[in-house]
Every structure is written in C-alpha cells, then in structure tokens.
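Working notes for the structure below.
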Amino acid sequence: MKELLVYGTSGIASLFIFGYCVHIFVGGLVSEQTEIILIGAVVTLGAAAIAWLAWDTLRRSR
C-alpha cells in the first residue's frame, strides 16, 4: 500500500513536469491546438509508462 502513495505522488509530479517541458520546448513555435495535442500525447505516454512501472513493482513484491 505504501507503494501506491509513492507512485501516486511521484507520478502526478512527473506528469506535470512532462507537460510543462513540452510547453517550454514548443510553446510559441506551433499553434496552441498543436501544443495541446503534443502535451496530451506526452502526458498519456508518461502515464502509461508510470502505470506499467507501478504494476510491475507491485507484481514483483508479492
């Protein structure tokens, strides 16, 4: 159960940072709609990776 708290906190912070990094890299270079799509894609991929890591850790710890 402690793992869920750790993964939840770090996951939310990581997703926020991923989205902000995309904004810093492409903000002003592309249209606002394209930026939103890129942020959504990066955050979705990051969430999938974090979910897989959490699932794998929980699976191995049992």
Side-chain angles (χ1 to χ4, degrees):
M1 210 56 182
K2 291 184 285 187
E3 293 94 353
L4 291 177
L5 181 62
V6 171
Y7 275 110
T9 304
S10 63
I12 290 170
S14 297
L15 293 177
F16 177 78
I17 292 170
F18 282 154
Y20 189 66
C21 285
V22 172
H23 168 69
I24 292 299
F25 283 126
V26 301
L29 299 175
V30 297
S31 69
E32 185 177 347
Q33 185 65 28
T34 304
E35 182 181 351
I36 290 170
I37 291 170
L38 287 172
I39 289 172
V42 169
V43 169
T44 300
L45 288 173
I50 291 169
W52 182 81
L53 288 169
W55 174 79
D56 189 49
T57 301
L58 290 173
R59 184 177 56 92
R60 290 177 190 255
S61 69
R62 291 177 191 222

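Counting begins at 1 with the first residue of the sequence.
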Count I, L, V, M, F, W, Y as connected when their side-chain heavy atoms are under 4.5 Å apart, and connections chain through other members. Are F18 and I36 then in the same cluster? no
Pairing residues for T57 by the side-chain hydrogen bond (donor to acceptor under 3.5 Å, both in side chains) criterion, not counting sequence neighbours: Y7
What side-chain hydrogen bond (donor to acceptor under 3.5 Å, both in side chains) pairs are there with at least one residue in residues 11-30, not counting sequence neighbours? H23-E35
Apply side chain to side chain contact (heavy atoms under 4.5 Å, CB included) to R60 and list each qualifying residue two or more places apart in sequence or on a separate chain. D56
Rounded to the nearest 0.5 angstrom, the CD1-CG distance for I39 and L15 is 12.5 Å
Does anything in residues 24-34 form a salt bridge (charged side-chain N to carboxylate O under 4.0 Å, His left out)? List the pairs, not counting sequence neighbours. none
Count I, L, V, M, F, W, Y as connected when their side-chain heavy atoms are under 4.5 Å apart, and connections chain through other members. Are F16 and V43 then in the same cluster? no
Please name all residues satisfying side-chain hydrogen bond (donor to acceptor under 3.5 Å, both in side chains) with T34, sequence neighbours left out, ordered by chain then number. S31
Once side chain to side chain contact (heavy atoms under 4.5 Å, CB included) is applied, do any residues pair with I17, and if so which ones, sequence neighbours excluded? C21
How long is the gap from CG on L45 to CD1 on I50, to the nearest 0.5 Å? 11.0 Å
